[in-house]
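Quick note: residue numbers are just sequence positions, from 1.
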Amino acid sequence: MRGQRQSPTVSVVVVSDNAETIDGLQRYLRDAGVTTRVTRVVERTCELVASARGAVILFPDDFPETKVRAMLAALKRLRPSAVQVLVTSDLQRFAGTRDALILAKPAWGSTILDAIRARLDPAE
């Protein structure tokens, strides 16, 4: 529509080792118009994140905690503006994680996407 401001495209990386999680969330995000990439290798996350309007949806329960924490530190260093969303069944384990949004598992795709958009476009 003329006169309406369109938000720039959001680019999301889904990091999970669960095929069902990857397929379902990727399908939902793409249907919502979100550019989506997926990986099952937590160490590859940073190279997949867009430099602008990027977000990472990480399911940390699928990976060793040392690898998760190393990736989060690298992400903060290399892509400081990227939104970090952790979806976990153990909220206490990641309660002290700075700059990340922690969501309880299970979380709906719409809940995750709304949280990302709220972080990227806080004025809307």
Going only through I, L, V, M, F, W and Y residues with side-chain contacts under 4.5 Å, is there a path from [X] to [Y]?
X: Val42; Y: Val49; answer: yes
X: Leu48; Y: Val12; answer: no
X: Leu29; Y: Leu120; answer: yes
X: Leu101; Y: Phe63; answer: no

Please tell me if the side chains of [X] and [Y] come closer than 4.5 Å, counting only heavy atoms from C-beta onward.
X: Val56; Y: Val83; answer: no
X: Arg93; Y: Glu65; answer: yes
X: Leu75; Y: Gln84; answer: yes
X: Arg119; Y: Val85; answer: no
X: Phe59; Y: Val15; answer: no
X: Val10; Y: Ile116; answer: yes
X: Leu86; Y: Leu103; answer: no
X: Leu58; Y: Val87; answer: no

Candidate pair Val68 and Phe94, rule side chain to side chain contact (heavy atoms under 4.5 Å, CB included), full reasoning: CA-CA 10 Å; Val68 168; Phe94 295 100; 3.9 Å; yes
Going from [atom1] on [X] to [atom2] on [Y], what distance comes out if it is rounded to the nearest 0.5 angstrom?
X: Thr21; Y: Asp61; atom1: OG1; atom2: CG; result: 10.0 Å
X: Ile57; Y: Ile112; atom1: CD1; atom2: CD1; result: 5.0 Å
X: Arg37; Y: Thr45; atom1: CZ; atom2: OG1; result: 11.0 Å
X: Arg117; Y: Ser110; atom1: CZ; atom2: OG; result: 10.5 Å

Please check this pair: side chain of [X] against backbone of [Y], looking for a donor-acceptor N/O pair closer than 3.5 Å.
X: Arg53; Y: Ser11; answer: no
X: Thr36; Y: Val34; answer: yes
X: Arg30; Y: Thr35; answer: no

CZ (Arg40) with more than 12 external heavy atoms under 6.0 Å: yes
Salt-bridge contact Asp90-Lys105 (side-chain N to carboxylate O under 4.0 Å): no
Steps toward side chain to side chain contact (heavy atoms under 4.5 Å, CB included) verdict (Asp99, Leu72): CA-CA 10 Å; Asp99 303 316; Leu72 292 172; over 6 Å; no
